[in-house]
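In what follows, a single structure is set out as structure tokens and then discussed.
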There are 2 protein chains.
Amino acid sequence: MNASKILPGELRRHPLFGGLDDAQLAQLLETARIIHLDEGQHLFQCQQQASQFFMLRSGTIRLYLSAPDGSEKVIHLITAGETFAEAITFMEGQVYPVNASALDACEVLAFSNQTFRAILRESTDTCFRLMADMSTWLKRQLADIDALTLQNATLRFTNYLLHQVPTGAEHEATIKLGAPKHVIASRLSIQPESFSRILRNLQREGHIIAEGNLIHIKDLDTLGQTVAQPHPFKNL
Amino acid sequence: MNASKILPGELRRHPLFGGLDDAQLAQLLETARIIHLDEGQHLFQCQQQASQFFMLRSGTIRLYLSAPDGSEKVIHLITAGETFAEAITFMEGQVYPVNASALDACEVLAFSNQTFRAILRESTDTCFRLMADMSTWLKRQLADIDALTLQNATLRFTNYLLHQVPTGAEHEATIKLGAPKHVIASRLSIQPESFSRILRNLQREGHIIAEGNLIHIKDLDTLGQTVAQPHPFKNL
DNA sequence: CAAAAGGTTTAACACAGGTCAAGGTGATCG
DNA sequence: CGATCACCTTGACCTGTGTTAAACCTTTTG
């Protein structure tokens, strides 16, 4: 599948490509490819040589780590419009540090690292955009480490929920989980069984109403505050 | 304290500055400052406006996160020669995402973000160096997330130990912990008490000999393999 | 040098969340 | 339309690690 169908405007909408001129964009598209993935199919594996980076057009991609014993940990869920693996070119070894597989049917744009590096060589503006991009990945990962070490499972989930709330929501909101619950659970480093229990507890305590992959938050302010302290009345 | 005493060669040894020409280096040094920190003193606090990044000349700096309940998590220990906070200029908000304090007396070089950005504008080579630098931070954090989610406390510690082993060591090695044990423990997201137990267990099982802040590894190959499976004979 | 302070170790106990096992529900399929 | 499969839930149990408390250094300090 070649890239003749890729629209320049589609790329320009992404901050990373927002500063490219027509010639640079054409240059990038020349070596770009469209990749179709079926559900469950891998885009790349950990440790594999990285010659491309990607932008997801549609579907959901799961970035995850595998342990020798077979257990897995979802690092990030990519949704339509996001780029990923754009920083790998600058790592020594230039191999993907995670696995990437499709959660459902996906359409992915694949760009040549080599071509993009050539463009970066000529454009400090795009360098700056990539560095801004990389810094948001750094901040995201830092937030994850914070969550893993300083928050308990329930708090990780409520924070996750609150991050899904569309801007502008006032007091309540209904969130649709973008992936099977066990995938969200892995993203939050929680076992499916624990995730289920957390959901039940939050519902029992009146914070949310969960129905399938829809979660209704009754009060945005209460959630996150009340839940924050695991044992507010421990010493009474 | 001005920067008249900063030697250009000192900076050039660091990969980040390795591509700067004399004029650029002079420009950077013009707005650089030397900062002396006493033990325990803060270099910056989380959420503080970031107008500088740093290179540590001597001593040890602790980068850490704080939770509202007062608990802390050491993210990284900076040792002499390392740069840090160099990526913050590209984050939106441009505030430090962590705290930084001195574990002992430190001498720190502080560089102006504004000046460095000006240099980056003129030098894609230095952009590439900074991106390589940022990608190693990304990979480090990923390794931490991996460790936190897919490894237990003992494994995190043995992996940490093995990373401290100087290259070239054959079968055994003696590691000197570069910080108080409770700081290393926090770096590994382990409580001091648990850390102490892990040390005792590894010693009882004959893997290491611990004496103060010195840890002797009896067999580099055995450690990391034998220890890897928590319960190898669980089902016997 | 006694006292205070900070770091480390030990032991007893507690618990969040992992593990195991079983059952439910809904979708897909031959 | 029964069978299979994937996902989710529930309950009982287990364990790694946190917590609490106390004792033990070692170093610093008045």
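Reckoned from all heavy atoms, side chains included, excluding hydrogens, waters and symmetry mates. Lettering follows sequence order; numbering is per chain, from 1.
Rounded to whole Å, atom P of D:dG16 lies 11 Å from atom CD1 of B:I198. We find that CG of A:L155 is positioned 14 Å from P of C:dA16, with the value rounded to whole Å. Between the CG atom of A:D69 and the P atom of C:dG18 there is a distance of 14 Å, given to the nearest Å. Atom CG of B:L103 and atom P of C:dG7 are 10 Å apart (whole Å). For the pair B:K181 NZ and D:dT27 P, the computed distance is 13 Å after rounding to whole Å. To the nearest angstrom, C1' of D:dC8 lies 15 Å from CD of A:E211. With rounding to whole Å, A:L188 atom CG is found 11 Å from C:dG18 atom P. Computed from coordinates, the A:L177 CG to D:dC7 P distance equals 15 Å when rounded to whole Å.
Under the side-chain contact (heavy atoms from CB on, under 4.5 Å) criterion, A:Q48 pairs with A:F44, A:Q45, A:Y96, not counting sequence neighbours.
For residues 159-169 of chain A, the pairs satisfying side chain to side chain donor-acceptor pair (under 3.5 Å) are A:Q151-A:N159, with sequence neighbours left out. A salt bridge (charged side-chain N to carboxylate O under 4.0 Å, His left out) check over residues 163-188 of chain B, counting only residues at least two apart or in different chains, returns the pairs B:D144-B:R187.
When each of C:dT10, D:dG18, C:dG18 is scored by its nearest atom to the side-chain atoms of A:Q191, the top-ranked nucleotide is C:dG18. When distances are taken from the side chain of A:R200 to each of D:dT17, D:dG11, C:dG7, the shortest belongs to D:dG11.
Looking only at side-chain heavy atoms (C-beta outward), B:L202 and B:I215 stay at 4.5 Å or farther from each other. Contact annotation: the side chain of A:L109 approaches that of A:L11 to within less than 4.5 Å [non-hydrogen atoms, C-beta and beyond]. Two residues are said to be in side-chain contact when any heavy atoms from C-beta on lie closer than 4.5 Å; A:T89 and A:F53 fail this criterion.
At its two ends the helix from C:dC1-D:dG30 to C:dG30-D:dC1 runs along axes set 30° apart, each axis drawn from five pairs and the angle rounded to 10°.
Residue A:S196 has a polar side-chain atom (N or O) positioned under 4.0 Å from OP1 or OP2 of D:dT9.
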Run the side-chain donor-acceptor check on residues 64-72 of chain B: report pairs under 3.5 Å with partners two or more places apart or on a different chain.
residue : atom : partner : partner atom : Å
B:Y64   : OH   : B:H42   : NE2          : 2.5
B:D69   : OD1  : B:S71   : N            : 3.0
B:D69   : OD1  : B:S71   : OG           : 2.7
B:E72   : OE1  : B:R62   : NH2          : 2.7

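Using a 3.5 Å distance cut-off with no hydrogens or angles, the side chains of B:S194 and B:Q191 do not pair a donor with an acceptor.
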Next on the checklist: Across nucleotides 21-30 of chain C, 5' to 3', mark each nucleotide with B, S or - according to how protein heavy atoms within less than 4.0 Å reach it.
Outcome noted: ----------
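Remark: B:F84 CZ to B:L63 CG distance equals 6.5 Å, nearest 0.5 Å.
A donor N or O paired with an acceptor N or O is found under 3.5 Å between the base of C:dT19 and the side-chain atoms of A:R197.
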